[in-house]
Structure formats: C-alpha cells, structure tokens
Number of protein chains: 2
Amino acid sequence: MKDSVEDAVKERAEGKPLGKRERTKINNREAILQAARGVFADLGYGATTVRDIIRRTGLASGTFYNYFRSKEEVFEALMDEGMRRIRPRLRAERIRSRTFEDFIRNALHAYFEYLASDRETFEVMRRNPNTVRVRMETAEMIAGFEEIREYMEEDIRNGTLPPVDSEYLMASVVGLAMEMGDRMIARDNVDPAAAAEFATALVLGGFHNLPVAGTAPAASGANDRKDDGK
Amino acid sequence: MKDSVEDAVKERAEGKPLGKRERTKINNREAILQAARGVFADLGYGATTVRDIIRRTGLASGTFYNYFRSKEEVFEALMDEGMRRIRPRLRAERIRSRTFEDFIRNALHAYFEYLASDRETFEVMRRNPNTVRVRMETAEMIAGFEEIREYMEEDIRNGTLPPVDSEYLMASVVGLAMEMGDRMIARDNVDPAAAAEFATALVLGGFHNLPVAGTAPAASGANDRKDDGK
DNA sequence: AGACAAAAGTGAATCAACGTCAACTTTGAG
DNA sequence: CTCAAAGTTGACGTTGATTCACTTTTGTCT
C-alpha cells in the first residue's frame, strides 16, 4: 500500500509512467495473492477463509472484493500465475528441440526445475491439515496442456513421433509429471535433475511401442479456445 | 428410510438378524452418500453445501451430523468407497501376475475397466460448473498407492524389476493412469481396453531404461542438457 | 494551488450456511 | 405394556461471505 522504491525503479525501467493509483492497485493485488499463498500453505485450501487472507494484508474486508470474487478466484489466479511462468519455458524448449525426444527431455527438465524453484507456490496444492488436494483447471492450464498436445501433433505430422493418440500421450506425460512433481517437492532434498531423468527415461523408453491410433480423437477445432465467460 | 425387501433378503442371506435400528442406520448412511454423489456431480464439490445433500434425502439437517462431520468427510467416504472397490482387484491381479510386466498390464486393465464401469462415481472428481478439480488423499487411497509401491519393491527384490526409485515409479504409473482415466471418461465412447493398452505400452516400454537408484545419471552439470548442435 | 469527479478503500450491516442441542419419536428388551 | 436408549428433528446461536453507503485518495482542469 505504500509506494515502494522498486515501483519507481520499475516504472523508470519500463518507461511506463504508472500513476499512484495503478501502482497501489498492482500492489494490493499482489499483496492479496501473496497472503493467499501463505494462508493456503498454512491451512490448506479447504480451511482457509477469505478473511484469513485479507487479515494478513491489513486491508479491509470489502477491499478483497475489488480484486477477486472469492477464494476460488484467488486460487485460480495463483494457478494461472504458475502456469504463465512455465509456459514460456516450455515453448522455448520446444523451439530449441528438434525431435520429440529432445522436446520431452528438455520440457521435463524445465518443468521439474521450475517446480523446485517455486516450491512454495505449488505446495499450496497438496499441503495441509488435511488431505484435500485441490487442483484447478484454469483456462491458462487447459491452454498449456493443449499447447503441449499441439506440439505432439506437430511431431506426428513431421514424423518424429508415430501417429499415436495425442490426447492420451499428453495426459500421460502431464499426469506423470505432476504426480512425480508432488513427490519430489515432498522430499527432503529436492533433486529436479534426477526426477527429470527418471520421467524422461520412462516416457521415451515407451513411446515407440505405443499403439498407433487410427482412433485419435481429431481435435475438432484444436486451437480455438472457448471463451469462458466468467 | 423404509425397510426394504432387499434388507430382509440380505439379512437372511447373511444370516444376520439386523434390527430395524441398524437397518435404518445403514440405509440413511447410504442415502446420504447417494445424495452426495448426485449433488457433487450437479454442483461441483466447492459449491455444494451440506444442506444441499440432506435436502435430497428428506432427512433433517441435524441427522446429517449423526453420520458425517462435514461435506469433506462425505467426499472422503465416497473416495474411500471407490478405492475399496479397486484394491481387491489390483491385489487379485497382483497374485495372478508372475512378473512386473504382467502386473502392470493386468493392473492397468483392471483400473480402466473399473473406472469405465463406475464412471458416475469418478466424475464427481472433475465435474462441474467450474473448474475446481478436487482430489482427496484419504487413508484408503494412500494405502492403495503404497500397496502398489510395495509390489514394485517386491519385484525389485525378486529381480523382475531393476532397482529403480519405487516411489517415483509408483507415482508415475498412478499419475499417468489417473490423468488418462479422466480423459477416457470424458470421451464419447469409453474404451478401457484401448486406454489400458496405451498406458501399458508406455510404462513397459520405458521401465528398462529407468535410472537405477543410487546410480542416477550423474548430471555433471545438472542444468545443461545434451542438445546436439542447434 | 484549489476544486471537483472518479476511483478505490472501509467496515458495519445483511445474509447464508454451519453445527448444536433440547425436545420428540422410534425401537427393542424385559 | 413400559421404559430407557438410540436416533431424529428443526429452531437457534455462530461464523464467515458479501454488499453498500460513506469516506478518503488520486488525477485533472483551471
């Protein structure tokens, strides 16, 4: 809520003359997200209340609703944020990878590295007093997964990947990576490289033997995102 | 709430003289679970309230709390129920499977078959007006996963599986199966055999190449990946 | 600088759902 | 038939969600 030095710096750096109003808006939003991260981690998604979150920010309860409509929406924003950080990395790996194998290897490395570096954020999803693991399928997430599937489709077209069921393959890799990621994060010493090696070996060892799909669901309008009115 | 004919039948068959009291207790519990299944499917986990559930049963609100302490606990019971149905099948497959490969193949088949048959229950976990997917890590679930890991450990001991990181391997298979299962269920025509083939090929193709525990490929520079030219 | 309108923040008030409990009903044992 | 125990009921006090009239802050125009 206080204009920070960084704001001024950032502002200058970006050449954007942000007004104070916009700056506090950004700051408040960030403060809420940050607080939410902490509360979710402490109490678990189910147990946290909107008030727990705003209490940590020092803002008034009403202010919360200027930024988010519910705790669900905050959570969604957190997930989106994570996905938005990962996607460009995956895209970069995609670009520098010439074959499907390269891509899988590089992408898995990137994913586990990222996870290890942003541990805090992702612990949100599992942590707690007790047991409810929550995953949110945000637009950003769906798009991210879909992008991966697209890459696979491309590789099928250009021949580095046999014509397998790309939805299943994407789901396999994603499911495997996420579940392994959870375990990795829970370990005492997190070793993303080892996790990546493991996952890579499993996926790459097997993909040649996959049943070839005459059956692949033909991604009707693959890319068109449904506008989720929200 | 009404003593059904089946009750009498079951009672006789089992030789258990259930009193009316016990019968209604069972019936009420079942009614609540059944109602919950429906409500969760209709509204999604997040949006449903305890009262939505009991309303469907015709019982009074207070009665709910004689059976469960919260909606979380009902959900947990539903998950447990699913897991309790699957576990014996997996155990059976385990017994009749002589090698790791057999086990994986048979277990995956069993899992996808089951999922297809009990579609309704598992849609609970994903379904809704909107986007929050909830997974619950119940004791039963953890135990089920752990059991799978045990099997893998055994196979390592008896040599049909190299000494890989069994937690990661279990997590991989579980994550892959669950994520694929979600997709399978969402498809228009559910084909568990195809899904099982796919998953089996992927897992079995790759497990020989997995890094052996303790011997994890010594990523000299964990970060730099082999990137042949480019 | 001063005045004003728009934007954003505030917290008391309202509302919805939770979970409890005293009173009531049903069951089963004697 | 009687009675205590088990179980059900729904009204009630709580807690947290959400709204909104009011205040404060900011940016703009003179």
Side-chain angles (χ1 to χ4, degrees), chain A residues 1-4 7-8 11 16-36 39-40 42-77 128-130 132 230, chain B residues 1-4 7-8 11 16-36 39-40 42-77 129-130 132:
Chain A
M1 259 221 261
K2 206 174 30 179
D3 346 357
S4 67
D7 285 327
E11 174 184 326
K16 280 187 197 169
L18 290 180
K20 170 156 203 189
R21 195 153 260 163
E22 294 175 87
R23 267 178 288 137
T24 35
K25 232 160 77 168
I26 290 171
N27 287 343
N28 283 352
R29 193 188 144 91
E30 195 45 52
I32 291 172
L33 286 173
Q34 190 51 45
V39 180
F40 285 141
D42 289 350
L43 309 182
Y45 178 80
T48 88
T49 69
V50 167
R51 299 183 108 82
D52 291 328
I53 298 174
I54 37 167
R55 194 172 310 123
R56 286 211 193 182
T57 65
L59 296 168
S61 61
T63 303
F64 177 89
Y65 295 94
N66 285 339
Y67 293 88
F68 301 97
R69 266 195 305 269
S70 62
K71 80 171 169 174
E72 183 171 315
E73 209 172 279
V74 184
F75 189 74
E76 186 174 333
N128 51 12
N130 280 333
V132 199
K230 223 282 150 105
Chain B
M1 255 195 84
K2 208 172 31 176
D3 346 355
S4 68
D7 285 327
E11 172 185 327
K16 279 187 198 168
L18 290 181
K20 170 157 206 192
R21 198 152 258 165
E22 295 174 87
R23 266 178 290 137
T24 36
K25 232 160 74 168
I26 290 170
N27 288 344
N28 283 352
R29 191 188 145 91
E30 196 44 53
I32 291 172
L33 286 174
Q34 190 53 43
V39 180
F40 283 141
D42 288 351
L43 308 182
Y45 178 80
T48 88
T49 71
V50 166
R51 293 180 129 78
D52 291 328
I53 298 173
I54 37 166
R55 195 172 309 123
R56 285 211 192 183
T57 65
L59 296 169
S61 62
T63 303
F64 176 90
Y65 295 94
N66 285 340
Y67 292 88
F68 300 97
R69 265 193 304 274
S70 61
K71 81 170 169 176
E72 184 172 314
E73 208 171 281
V74 185
F75 189 74
E76 187 174 333
N130 283 334
V132 198

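Letters A, B, ... are given to chains in the order of the sequence lines, protein chains preceding strands, and every chain is numbered from 1. Predicted model only: the values in this text are computed from it and were never measured.
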Let me know the distance between [atom1] of [X] and [atom2] of [N], rounded to the nearest Å.
X	N	atom1	atom2	value
L59(A)	dT18(D)	CG	C1'	17 Å
I32(A)	dA8(C)	CD1	C1'	12 Å
E22(A)	dA7(C)	CD	P	12 Å
F64(A)	dA8(C)	CZ	P	17 Å
R29(B)	dG7(D)	CZ	P	14 Å
N27(A)	dG9(C)	CG	C1'	15 Å

message: Treating K25(A) as the side-chain partner and Y67(A) as the backbone partner, does any N or O pair qualify as donor plus acceptor under 3.5 Å?
response: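 Absent.
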query: Backbone N or O of R51(B) within a donor-acceptor pair of the K71(B) side chain at under 3.5 Å?
result: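 Side chain of K71(B) to backbone of R51(B): no pair is present.
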With rounding to the nearest 0.5 angstrom, report the [atom1] to [atom2] distance, [X] to [Y].
X	Y	atom1	atom2	answer
E76(A)	F68(A)	CD	CZ	10.0 Å
L33(A)	N28(A)	CG	CG	11.0 Å
Y65(A)	I54(A)	OH	CD1	7.0 Å
T48(B)	R56(B)	OG1	CZ	9.5 Å

Short side-chain N/O contact to [N] OP1/OP2 from [X], under 4.0 Å:
X	N	result
N66(A)	dG9(C)	yes
N28(B)	dT8(D)	yes
K25(B)	dG7(D)	yes

- prompt: Which atom names give the shortest non-hydrogen contact between I32(B) and I53(B), and what distance separates them?
  reply: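 Closest pair (atom of I32(B), atom of I53(B), distance): O-CG2, 3.8 Å.
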message: Counting the atoms with a prime plus P, OP1 and OP2 as sugar-phosphate, which does F68(A) contact under 4.0 Å by heavy atoms, base, sugar-phosphate, or nothing?
response: nothing
message: For a side-chain contact (heavy atoms from CB on, under 4.5 Å) check, start with the C-alpha distance between F64(B) and T57(B), then their side-chain angles and the critical distance, and finish with the verdict.
response: CA-CA 10 Å; F64(B) 176 90; T57(B) 65; over 6 Å; no
statement: Once base and sugar-phosphate atoms are separated, protein heavy atoms under 4.0 Å mark nucleotides 12-19 of chain C, 5' to 3', with B, S and - as B----SBB
Pick out the pairs of N or O atoms, protein on one side and nucleotides 22-25 of chain D on the other, that lie under 3.5 Å.
residue	atom	partner	partner atom	Å
dT25(D)	O2	R21(A)	NH2	2.8

query: Can D52(A) and T49(A) be counted as having a side-chain donor-acceptor contact under 3.5 angstrom?
result: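 A pair is found: one side chain offers a donor N or O, the other an acceptor, under 3.5 Å apart.
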